[in-house]
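Naming: A, B, ... by sequence-line order, numbering from 1 per chain. The figures that follow rest on heavy atoms only: side chains count, while hydrogens, waters and symmetry mates do not.
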Amino acid sequence: DAGVTQSPTHLIKTRGQQVTLRCSPKSGHDTVSWYQQALGQGPQFIFQYYEEEERQRGNFPDRFSGHQFPNYSSELNVNALLLGDSALYLCASSLIRSGEQFFGPGTRLTVL
Amino acid sequence: AQKVTQAQTEISVVEKEDVTLDCVYETRDTTYYLFWYKQPPSGELVFLIRRNSFDEQNEISGRYSWNFQKSTSSFNFTITASQVVDSAVYFCALSEVEGTGANNLFFGTGTRLTVIP
């Protein structure tokens, strides 16, 4: 049974560019959450998707957007990249009625 | 507002010593979940435990044990007879419980544990 998978593993972009990160949830899960983890910090909640809609959102600007597909996979898009967007982006999947989130290995984004 | 404080930034212990990682939380909710996650150098967060706010029983799983005290808003994690493989960053986290269940996690800043052989 595959766990949460994310792609790509690493990514290097320059300021002003746009990036798309992808996540496939654990089999049977219907909810996907995205977190940003800056170096030396704890993960910070970006948003959560359920039934292809954004269900909750953390304190992140509109440059951060997402999507969930009918197969429950999800994308995180970041526009107009800033140096401060450099971080490990973690995807977590869960069942909507469960408090337990399973995390993927993350995508490390570097913005130059 | 929710807040999780892990005052210990880094801890070093010698192998086989016991170590306790502290976690203090703040929330206005009466129902919530508390979590501990382990993050090894590979970066993936590994789930260790979830505790419902209504369940204050301490839990033991092998060398790991957790002490939940609602009166002091603490959820401390003890590793007994530490091993080198326990070296990692450990995060304490809190989530609300709405009617529909799963909610976002509020993480502390983590405690880096180094176990010296």
Report task. With a 4.5 angstrom heavy-atom cut-off, could you sort out which part of A/Q37 is near chain B: side chain, backbone, both or neither? Result -> side chain

Query raised in the report: Among the clusters formed by ILVMFWY side chains lying less than 4.5 Å apart, do B/F75 and B/I79 turn up in the same one?
Result: yes

Query raised in the report: Can you say whether A/Y35 sits under 4.5 Å from chain B via the side chain, the backbone, both, or neither, judging by heavy atoms?
Result: side chain

Query raised in the report: How about residues 65-90 of chain A versus chain B: which residues have heavy atoms under 4.5 Å apart?
Result: A/L88, A/L90

**Report entry** Minimum heavy-atom distance between B/Y37 and A/Q101, given as atom pair plus value
**Finding:** OH-O, 2.9 Å

Report task. State plainly whether one hydrophobic cluster holds both A/F60 and A/Y50, where clusters connect Ile, Leu, Val, Met, Phe, Trp and Tyr through side-chain heavy atoms under 4.5 angstrom apart. Result -> no

Report task. Kindly check if the number of other-residue, nucleotide or ligand heavy atoms within 6.0 Å of NZ (B/K3) is above 12? Result -> no

**Report entry** Cluster check B/F107, B/F68: I/L/V/M/F/W/Y, side chain < 4.5 angstrom
**Finding:** no

Query raised in the report: Do the side chains of B/V24 and B/L34 join up, straight or via other hydrophobic residues, at under 4.5 Å, putting them in one cluster?
Result: no

Query raised in the report: What about A/L21 and A/I46, same hydrophobic cluster or not, with Ile/Leu/Val/Met/Phe/Trp/Tyr joined at side-chain heavy-atom distances under 4.5 Å?
Result: yes

Query raised in the report: Taking everything shown except A/Q36 itself, do over 12 heavy atoms lie less than 6.0 Å from its CD?
Result: yes

Query raised in the report: Is a donor on one side and an acceptor on the other found under 3.5 Å between the side chain of A/Q56 and the backbone of B/N104?
Result: yes

**Report entry** Contact origin within B/Q39 toward chain A - heavy atom pairs under 4.5 Å
**Finding:** side chain

Query - Side-chain heavy atoms of B/F47 within contact of A/E100, under 4.5 Å - result: yes

Query raised in the report: Which pair of heavy atoms, one from B/F91 and one from A/P43, lies closest together, and at what distance?
Result: CE2-CD, 4.0 Å

Query - Heavy-atom neighbours of B/R63 CZ exceed 12 at 6.0 Å - result: yes

Query raised in the report: Roughly how far, to the nearest 0.5 Å, is the CG atom of B/L105 from the CD atom of A/Q48?
Result: 9.0 Å

Requested in this report: Give a yes or no on whether A/L112 atom CG has more than 12 heavy-atom contacts from other residues, nucleotides or ligands under 6.0 Å away.
Outcome: yes

